[in-house]
Structures are given as C-alpha cells and as structure tokens.
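Residue numbers start at 1 and run along the sequence shown.
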Amino acid sequence: MTAPETVAVVAALTVTGQPARFVGGCVRDAVLGREAKDIDIATPCEPNVVMDLLRSADIKAIPTGIDHGTVTAVIDREHFEITTLRHDVETYGRHAKVAYTDDWMADAERRDFTINALFCDADGTLFDPVGGLPDLEAGRIRFVGDARQRIEEDALRILRYFRFHAHYGRAEMLADDYGACVEKASNVAILSGERVAGEVWRLLAASDPVPSLIKMDEAGVLQRILPGSDPAALLPGLVDIETQLSDVDAERRLAALLRVAPEDAAVLADRLRLSNSERDRIVALAHPDDTVKPNLDGKALRRALYDIGKALFRDRILFAWADGQTADEDNYRRLLDAAAVWTAPEFPLRGADVLALGVPAGPVVGDLLTHVRSIWEEADFAPGRSELLAELKAAAATHATG
C-alpha cells in the first residue's frame, strides 16, 4: 500500500474524487500477515475512464479484460489489475454478462467467497460488506449468498472452494456449502483442462492439501477431475517429508496423488494440457521402480544417478521414503545428500571419433558408441579417453571383420 508504484496508481484513479479500494486476495492476505502476490483494485470508474486516468498520469494502461471491466496498470515490473464495480445481469455457467455499477455491495455480492469480498481504502480502512472478516479469522470458507447459485454461475468455484479451504480453512466445512459442492459435482465436467490444472496446481501448493483432497474425494469431485487418484495413499507421507525438508513441489505431489498406470497418467496429463516437462515427470513417476533402495551405495548409487538423472532420482527417493515412512529415514537423507552433490560425468567419446577410424557414417556409428559407453558405465565411469579409444578401435576392428 505504501510502495511508490501503488501510491501512484491509487493517486491516478482518485484524482477526480472517485474512490479506489484494494480488493480480494491482497486484502485477505494482508489481514493474515501474508505477503500479497497480486494487487487488485476496484473502482466505480468505467474502464475507458480508468484508461484515461492512467494515461494522464503517464502510467501504462493495458485493456487486458476491458469487455469485463478490467484494465491492467503497469509501472516498471509491477502490475495492478483494476476492475470496475459490477453486478451480474446474466450468467452462463462459465461466463457472465455484467453491468457496471457504483454500488460496492452489489459488487461484493457477485464474488465467490466472503473472504474474497474484503475491500480496503488506501489509508487502511477495511470494508467488509458480506462478513468475510470473521470468516477469515475463523478459517471458514463460505460462499457469498446461495452456494448453489454461485456454483451454477461458474463450476470452477467448486474447485476453488476446496483450494481455498486447503490454504485458509481451519474450521469444519459448512454443511450447506459442502453439500452444494456434492450436489453440483457433475458440473466440473464442463471445465477446460487448463482451468482444472490451474486449480490443481494451486491446491497442491498448500502446506498440507491432503484434508481438502480427501473431502473432494468424498464429495465425488476428485475422481471427476483426476480419475484414479488416491489422496490417502502416498501423498500424506510425502507431504510430511516435504515439510521437513522445506521442499514443496506441486508436480511431485500430483504424481503421488495419481495412483494410475503410466499410460493413464499420460492421458490425464494431455487432458489437463500440461507442459511436456510436467507430463514426462508425472508419467516417469507412474512407472513402477525399485531402483532406489535405502541401502544403495557406491557404484550402484552412482549408476542409478547416471541412469535416471539427479532430479528423478530425488523424486524416487522421496516416494520410497514416503512409502516406507520413517523406517530408513537416515539412509534416505544420505541418498538425498549424495544426489545434491552429484555431477554427471561426461562420456569422453563422440561420433567423430568413430568416423576417424574409417567407419562409414550410419547406424553402426551409434552402435559402436553405445558398446563403448556400456563398458565405461560398467567400469564406474573410470576409464579415460585413451582407454575408451582403445576399446572403440577394437570394437570397430571386430565389426569390420564381422
């Protein structure tokens, strides 16, 4: 609120006497003493007026969602999302036809949860039109108004309900609000993979997402978006270990949540529109594997690190540890330490070395390199370039006399 960029944006919006208030997540997190990630500002000024006010103050204005009343102000690397007060005229399940208003209560009443309908003036004065502050203090997630209506307006609110409970909930879920999610669980079928993935990532980033995921499963929601998942299997142990290590990783947690075959993990990753790296990691962790054992040491440890790479090796350690809980904790910590300092050796030979022996270009070049690489790996990566060239020369001669 006191950062120069924030002060400049608020000053630009209020120059004509109209109020501008911080709203939503930044207010919610400030009340809780958490760092605010995004700064959202509400104003009764219509979007075209907002654009003019910002430009008059030499602030870059981007019409990011101007059809729905949203303009983004940019100063240096800071972004501020400014939205005109609105009320819904019609809703279409995922979209709404809105009308602008100067009624702060009307704007609050169209929001999803009470804790997201808090407003704050630039001087720190809080406005709580729908009772979000006591809910926030109690750790209670409550829909604004009728929960079923809120869900009918946008099915994503079902997933947001459980996500917000994972991050902010301490009290028991309200029976009516939870019941609405149960009744409307099938509505999540209309959501795009990208929207589902966005909520899943945010939920899994909570310090302990397991209780909310279990409630999602009981509500009939979880299997509709992540079929084959089991929040009570590997994930609780993994969350506990990640907490100990201060190493929260949503991708790893998703892989632990999905108790499915690799091919099913691949299908789900495609449906969620995950990136190639996210997809590959989740599929790799879905493959059964006994490479990482607590007594792994010496040559076998180095070979495992080389074969699967330190990142996947670390994931598999944590999975094995979570599966066995604390029985071999000291050994798993030792393996994590070994992985942290591991640097993969570089195979000293190249295709040019094969060609230099007069071997014609073609598949045989790769075959010979693979043969020599296997010797190098079996020897614990110890042979140097001269030794491997001798092995290569011998292999090439054998192939030539075939």
Side-chain angles (χ1 to χ4, degrees), residues 34 37 141 156 158-169 188 191 193-219 221-262 264-289 292 308-326 329 332-333 335-336 339-340:
R34 301 185 185 185
K37 299 178 179 64
I141 310 303
L156 192 70
I158 294 176
L159 306 189
R160 285 171 60 83
Y161 179 78
F162 292 102
R163 190 248 291 185
F164 274 87
H165 192 271
H167 284 274
Y168 300 98
V188 300
L191 298 172
E194 292 92 339
R195 296 186 94 204
V196 170
E199 287 302 315
V200 168
W201 290 137
R202 293 180 182 95
L203 194 161
L204 290 174
S207 57
D208 184 4
V210 173
S212 287
L213 288 166
I214 288 174
K215 293 296 288 184
M216 282 182 75
D217 202 26
E218 293 172 352
V221 174
L222 189 61
Q223 298 303 320
R224 295 176 186 273
I225 62 168
L226 300 175
S229 55
D230 185 349
L234 188 62
L235 187 59
L238 178 65
V239 167
D240 181 59
I241 292 165
E242 286 187 336
T243 302
Q244 294 179 47
L245 300 176
S246 299
D247 180 21
V248 173
D249 189 306
E251 289 180 29
R252 187 192 298 131
R253 287 179 171 189
L254 178 58
L257 176 62
L258 298 175
R259 302 290 81 204
V260 297
D264 295 323
V267 170
L268 181 60
D270 290 341
R271 189 170 68 82
L272 296 178
R273 298 286 192 267
L274 302 188
S275 69
N276 289 339
S277 63
E278 291 166 346
R279 179 185 189 275
D280 291 348
R281 187 180 185 190
I282 289 165
V283 170
L285 286 171
H287 279 277
D289 182 85
V292 177
I308 67 176
K310 65 191 298 181
L312 182 56
F313 184 84
R314 180 179 176 82
D315 285 342
R316 291 206 181 283
I317 292 171
L318 296 178
F319 270 36
W321 185 356
D323 192 40
Q325 295 301 307
T326 59
E329 179 175 339
Y332 286 125
R333 288 184 180 275
L335 293 177
L336 289 174

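- Taking the side chain as every heavy atom from C-beta outward, I158 and M216 never approach each other to under 4.5 Å.
- Applying the salt bridge (Lys or Arg N to Asp or Glu O under 4.0 Å) criterion to R224, with sequence neighbours excluded, gives no partner residue.
- The side chain to side chain donor-acceptor pair (under 3.5 Å) test applied to S277 returns S275, not counting sequence neighbours.
- Across all non-hydrogen atoms, the minimal contact from P209 to R253 is CD-NH1, 3.4 Å.
- Minimum heavy-atom separation, V239 to S207: CG1-O, 3.5 Å.
- Remark: R195 CZ to E199 CD distance equals 8.5 Å, nearest 0.5 Å.
- The CD1 atom of I317 lies 9.0 Å from the OH atom of Y332; values are rounded to the nearest 0.5 Å.
- A distance of 9.5 Å separates CG of L245 from CG of D240, quoted to the nearest 0.5 Å.
- Applying the ring pair (Phe, Tyr, Trp, His ring centres under 6.0 Å) rule to F164 yields the partners F113, Y168; only residues at least two apart in sequence or on another chain are considered.
- Between L238 and A256, the closest heavy-atom pair is CD2-CB, 3.6 Å.
- Every residue two or more places apart in sequence or in another chain was checked for a salt bridge (Lys or Arg N to Asp or Glu O under 4.0 Å) with R259, and none qualifies.
- Qualifying side-chain contact (heavy atoms from CB on, under 4.5 Å) partners for L272, counting only residues two or more places apart in sequence or in other chains: V196, A197, L226, L268, L274.
- A salt bridge does not link R314 to D249: none of the charged nitrogens lies less than 4.0 Å from a carboxylate oxygen.
- Proximity of a side-chain donor or acceptor of Q223 to a complementary backbone N or O of D217 within less than 3.5 Å is not detected.
- Counting all heavy atoms, side chain and backbone alike, A205 lies closest to V248 at O-CG1, 4.1 Å.
- Residues passing the side-chain contact (heavy atoms from CB on, under 4.5 Å) test with V260 are L258, D264, A265, sequence neighbours excluded.
- We find the CH2-CD distance between W321 and E242 to be 11.0 Å, quoted to the nearest 0.5 Å.
- Judged as a side-chain contact (heavy atoms from CB on, under 4.5 Å), and not counting sequence neighbours, the contacts of P262 are V283, A286, H287.
- Rounded to the nearest 0.5 angstrom, D230 CG and I214 CD1 are separated by 8.5 Å.
- In terms of the side chain to side chain donor-acceptor pair (under 3.5 Å) criterion, residue partners of R333 (sequence neighbours excluded) are, by chain and number, Q244, E329.
- Checked against side-chain contact (heavy atoms from CB on, under 4.5 Å), A166 has the following partners two or more places apart in sequence or in another chain: L203, A206, S212.
- Of all the heavy atoms in W201 and I282, the pair that sits closest is CH2-CD1, 4.3 Å.
- Listed by chain and number, the residues in a salt bridge (Lys or Arg N to Asp or Glu O under 4.0 Å) with D270 are R279 (sequence neighbours excluded).
- Closest approach of L213 and P231 over heavy atoms only: CB-CB, 3.8 Å.
- Take R202 and apply the side chain to side chain donor-acceptor pair (under 3.5 Å) test, not counting sequence neighbours, and it matches no residue.
- Atom CD1 of I225 and atom CG of L222 lie 5.5 Å apart (nearest 0.5 Å).
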**Message:** Before you tell me yes or no, could you show the steps for D247 and L318 under side chain to side chain contact (heavy atoms under 4.5 Å, CB included), namely the whole-Å CA-CA distance, both residues' side-chain angles and the distance that decides it to 0.1 Å?
**Reply:** CA-CA 11 Å; D247 180 21; L318 296 178; 4.1 Å; yes
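- When the salt bridge (Lys or Arg N to Asp or Glu O under 4.0 Å) test is applied to D289, the partners found at least two apart in sequence or on another chain are R316.
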